[in-house]
Amino acid sequence: MIEEKKDELKPTVSFIEQFIAEDIKEGKNGGRIHTRFPPEPNGYLHIGHAKAICLDFGMAQKFGGKCNLRFDDTNPTKEDVEYVDSIKEDIHWLGFDWEEREFYASDYFGKLYDFAVELIKKNLAYIDDQPADVISAQKGSPTQPGTESPYRNRSVNESLDLFERMNNGEFDEGSRVLRAKIDMVTPNMHMRDPIIYRIIKTPHHRTGNKWMVYPMYDFAHGQSDYFEGITHSLCTLEFEVHRPLYDWFIDQLKTSDYRPRQIEFNRLNLTYTMMSKRKLLELVQEGRVSGWDDPRMPTLCGLRRRGYTPEAIRRFVDMIGYTKVEAINDVSLLEHAVREDLNIKTPRVFGVLDPLKVIITNYPEDKVENVELINNPEDEKMGKREVPFSREVFIEKDDFMEVPPHKFFRLAPGMEVRLKGAYIIKCTGLKKNDNTGEIVEVYCTYDPETRSGGNSSEKKVKGTLHWVSAKHAVDAEVRLYDRLFNHEDPAGQKEDDYRKFINPGSLKVLTGCKMEPSLKSSKPLEKFQFQRLGYFCVDYDSTGSKLVFNRTVQLKDTWAKVVKNDTKP
RNA sequence: UGUCCCGUGGUGUAAUUGGCAACACGUCUGAUUCUGGAUCAGAAGAGUUCAGGUUCGAGACCUGACGGGACAACCA
């Protein structure tokens, strides 16, 4: 039984895993595996990073190796410690650990500087005095070869001197750069004498004013891998064209057979979701969301606040796999992953979001019965609870219709439904607001013989409703979230057009929702299934005096689908 | 008019390395159910972008088209 299940869930082996397995088998780098997760501390981690984290840490785990955490902090103008802490928190939350191996590219600034000096001495690097636009123009274009800089053949000693003075702060930002001397006519733009050091006078969040020159990504990343003994440097597809340069620097650096290998995989795209850190930052700065952890954000802190579990995210990542195809994954797959996880973990409770009062006219005024309800039919161990029942209860407005359509299994005049865990009731009448015509109260009678669990509860009805006793109900605010964007691929549109596709109805705040009393003391991040509605999570804004819930995801709702299809023209 | 990467049901991935295309999500039936949930059973849906070639045999290999993407930051 268990074996069958295992077989069914057998994760597919990605091409990356196959590469790694081969490398180990061939005994490359001593048959070890050592990976790294290298975020730049310039924003919060999102679910796309989760995909990378699961790979980096996952592969190391699987093959008995290690995975380092390395902050790629080579650009002090964009980075901040604020982000370092959140990144660490999010990785731990996801369930991975770098142990004592927390590194920073800035740890290697000294070594990197020395390596740059060495390249100059080997006549493989030179200082260029030209401004950015001139250098850029000389680089040519993807279809046209570049031309050499007039400074390309200046003397080693002059470059050495200038580089040192650049770092002493003698020159302005932008006035000079250090370039690797490779080839100005190769088709690969990245190999056309790439800039490897530039002057930046903004203090660095870790090294302060120690340095005036900072290495570029290409000059830091592979070398950092090398310094740390990384064997497999896994990154996303857009770095594919950087690989020859990555290898070029390693060639200059290596003193033995050891060399790290860069392998690229497809980044995560999700329908109706935007993953660009820069644009997410804009959403935050422009106040279009409440912050990085707004539950509509694809950030890990946002998903956490929304009620997603790390298990669900890991499962999702597992399902989508790693390839070289630039794919766009359906969010419904992510939603399936949370439902699957929350279904087995979450206690069921009653919460009425849009209350309508039902008065059970033949039920004694002051009587209160405690009815027993199963906390989770998927897991007996989660036990039972008691919920008070009385003469006046709230049901969902949606669950009553004065003139019901075909196949409506809920409450309507003359119709019977079961109040889950309690009795079968029959609608005998209703009261409307004289002015608006809105239904304000529904009258019912109950059948005392039909109490749940009793022997005589043989009677069958089509519909079962959730409910909350009016006098015991706890008020709550409930925030309903929908997709942030209307467009399937908001990021794939013309630059910055994504704002046009922001869904104006992505957040609905409901107040005056009625919760069963057991929820009174619930704490932030606690998760529940509100029966028949969906999965909900207590928000950070929730307090003892004011409960706030976030809807993580709706339950599948085939009735809603029927209604929707019927309304279609 | 460059170089590199990619092209398998609606979506995402598989196919033991050349042996009659499988799984998940989604969709649709039916059973069951005190959640129109979950569960269970089943169905529809691709002949692998196209055209050649190699082979007894190609989704896998070769050639060429076509389509998509990456590359011209002193960002990562």
Side-chain angles (χ1 to χ4, degrees), chain A residues 8-10 12-14 18 38-40 42 72-75 77-79 105 128 131-132 135-137 139-146 173-179 186-190 192 195-200 213-214 216-218 220-221 235 237-244 264 266 271 277-278 319-337 339-340 343-344 348 350 373-374 376-378 407-410 417-422 424 450 452-453 457 460-466 529-534 554-562:
Chain A
E8 218 175 281
L9 296 175
K10 173 182 64 183
T12 54
V13 177
S14 69
Q18 293 180 33
E40 183 186 15
N42 69 342
D72 226 333
D73 56 349
T74 55
N75 186 353
T77 65
K78 291 196 172 177
E79 296 148 9
D128 196 326
I135 292 177
S136 169
K139 268 198 182 167
S141 75
T143 53
Q144 281 187 307
E173 288 188 9
S175 62
R176 269 172 249 262
V177 290
L178 179 65
R179 293 227 255 167
T186 53
N188 187 334
M189 296 287 292
H190 295 277
R192 317 238 261 234
I195 292 167
I196 57 179
Y197 260 96
R198 71 302 204 188
I199 301 168
I200 296 176
V213 290
Y214 289 88
M216 297 284 289
Y217 164 83
D218 284 307
H221 200 98
C235 62
L237 247 25
E238 65 272 26
F239 292 101
E240 214 155 20
V241 278
H242 293 245
R243 194 177 348 128
E264 311 85 10
N266 60 346
T271 54
K277 259 199 231 176
R278 197 202 84 222
M319 289 190 288
I320 62 173
Y322 300 88
T323 67
K324 304 195 75 157
V325 185
E326 296 185 49
I328 176 154
N329 294 272
D330 203 315
V331 261
S332 64
L333 200 56
L334 213 212
E335 291 177 345
H336 171 260
R339 286 197 193 99
E340 194 180 42
N343 179 43
I344 55 169
R348 318 278 119 139
F350 287 164
L373 284 152
I374 293 168
N376 190 340
E378 309 294 320
K407 281 196 170 174
F408 185 78
F409 302 149
R410 308 177 186 185
V417 293
R418 173 173 291 283
L419 294 180
K420 188 174 174 65
I424 290 176
T450 59
S452 294
S457 57
K460 296 279 183 206
V461 287
K462 277 273 196 174
T464 302
L465 307 186
H466 60 102
Q529 184 198 94
F530 287 4
Q531 279 207 302
R532 303 207 302 132
L533 298 176
Q554 279 177 285
L555 244 30
K556 278 198 201 162
D557 188 350
T558 53
W559 171 245
K561 209 176 283 174
V562 171

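Remember, it's a predicted structure, so these values are computed and weren't measured experimentally. Protein chains get the first letters and strands the later ones, always in sequence-line order, with residue 1 at the start of each.
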How many Å lie between [atom1] on [X] and [atom2] on [N], as a whole number?
| X | N | atom1 | atom2 | value |
| --- | --- | --- | --- | --- |
| Glu40(A) | A73(B) | CD | C1' | 13 Å |
| Leu465(A) | G36(B) | CG | P | 8 Å |
| Lys324(A) | C6(B) | NZ | C1' | 9 Å |
| His190(A) | A76(B) | NE2 | P | 13 Å |
| Ile344(A) | U39(B) | CD1 | P | 11 Å |
| Glu335(A) | U11(B) | CD | P | 18 Å |
| Arg532(A) | A38(B) | CZ | P | 14 Å |

According to the Watson-Crick and G-U wobble definitions, with both distances under 3.5 Å, which nucleotide is paired to [N]?
| N | answer |
| --- | --- |
| G9(B) | none |
| U17(B) | none |
| U1(B) | none |
| U39(B) | A31(B) |
| G47(B) | none |
| U54(B) | none |
| A72(B) | none |

With rounding to whole Å, what would you report as the distance between G59(B) and A14(B) at their C1' atoms?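 Approximately 11 Å lies between the C1' atom of G59(B) and that of A14(B).
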
Looking only at atom P, what distance separates G47(B) and G37(B), rounded to whole Å?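 33 Å, rounded to whole Å.
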
Between [options], which nucleotide has the shortest distance from any of its atoms to the side chain of [X]?
| X | options | value |
| --- | --- | --- |
| Ser136(A) | A72(B), C6(B), A76(B) | A72(B) |
| Glu238(A) | U35(B), A72(B), A70(B) | A70(B) |
| Gln531(A) | C6(B), U35(B), U13(B) | U35(B) |
| Met189(A) | U27(B), C6(B), A72(B) | A72(B) |
| Met216(A) | A73(B), U35(B), A72(B) | A73(B) |
| Thr323(A) | G37(B), G36(B), U13(B) | U13(B) |
| Leu555(A) | A15(B), G37(B), A76(B) | G37(B) |
| Met319(A) | A24(B), A38(B), G36(B) | A24(B) |
| Ile320(A) | G26(B), G12(B), A72(B) | G12(B) |
| Lys139(A) | C6(B), C74(B), C25(B) | C74(B) |

Under 30°, 30 to 60°, or over 60°: which ring-plane class applies to Phe350(A) and His466(A), parallel, tilted or perpendicular?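 Geometry flag for His466(A) against Phe350(A): tilted rings.
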
[X] (side chain) donor-acceptor with [Y] (main chain) under 3.5 angstrom:
| X | Y | value |
| --- | --- | --- |
| Arg192(A) | Thr186(A) | yes |
| Ser14(A) | Tyr322(A) | no |
| Asn188(A) | Val241(A) | yes |

Any [X] side-chain nitrogen or oxygen under 4.0 Å from OP1 or OP2 of [N]:
| X | N | value |
| --- | --- | --- |
| Arg198(A) | C75(B) | yes |
| His336(A) | C25(B) | yes |
| Ser141(A) | G2(B) | no |
| Lys462(A) | G36(B) | no |
| Thr77(A) | C75(B) | no |
| Arg339(A) | G37(B) | no |
| Lys556(A) | U35(B) | no |
| Asn266(A) | U13(B) | yes |

What do you reckon, do Tyr217(A) and the base of A76(B) stack, with centroid distance below 5.5 Å and planes below 30°?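 Here the ring of Tyr217(A) and the base of A76(B) are not stacked, as the 5.5 Å and 30° limits are not both satisfied.
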
Closest-nucleotide mapping onto RNA chain B: is Thr271(A) or Asp72(A) further toward the 5' terminus? I mean the 5' end.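 Of the two residues, Thr271(A) wins.
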
For Ile374(A), is the CD1 atom crowded, meaning more than 12 foreign heavy atoms sit under 6.0 Å from it?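 Counting other residues, nucleotides and ligands, CD1 of Ile374(A) stays at 12 neighbours or fewer.
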
Applying a 4.0 Å non-hydrogen cut-off, can you work out what Gly140(A) is touching in the nucleic acid: base, sugar-phosphate, or nothing?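 Contact class for Gly140(A): sugar-phosphate only.
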
Identify whether any heavy atom of Tyr197(A) sits under 4.0 Å from a base atom; if not, whether one sits that close to sugar-phosphate; answer base, sugar-phosphate or nothing.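 Nothing, no nucleic acid heavy atom in range.
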
Can you name the closest pair of heavy atoms from Arg418(A) and Val461(A) and give their distance?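 Residues Arg418(A) and Val461(A), closest heavy atoms: N-CG2, 3.5 Å.
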
On a heavy-atom basis, which atom in Leu333(A) and which in Met319(A) lie closest, and how many Å separate them?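 Looking at all heavy atoms of both residues, the closest pair is O-CE, 3.8 Å.
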
Between the base of [N] and the side chain of [X], is there a donor-acceptor distance below 3.5 Å?
| X | N | value |
| --- | --- | --- |
| Arg410(A) | G36(B) | yes |
| His242(A) | A70(B) | no |
| Glu378(A) | G37(B) | yes |

Check Thr74(A), Asn75(A), Asp73(A) against Glu40(A) for a side chain to side chain contact (heavy atoms under 4.5 Å, CB included) and give me the one that passes.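 So, applying the side chain to side chain contact (heavy atoms under 4.5 Å, CB included) to Glu40(A) and each of Thr74(A), Asn75(A), Asp73(A), only Asn75(A) qualifies.
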
Identify whether the glycosidic angle of U35(B) places it syn (within 90° of 0) or anti.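 Here U35(B) takes the anti form, which means its glycosidic angle is more than 90° from 0.
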
Syn/anti state for G37(B) [syn: chi within 90° of 0]: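 Anti, since the glycosidic angle lies more than 90° from 0.
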
Separation between CG of Asn343(A) and NE2 of His336(A), rounded to the nearest 0.5 Å: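 Rounded to the nearest 0.5 Å, the CG-NE2 separation comes to 9.5 Å.
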
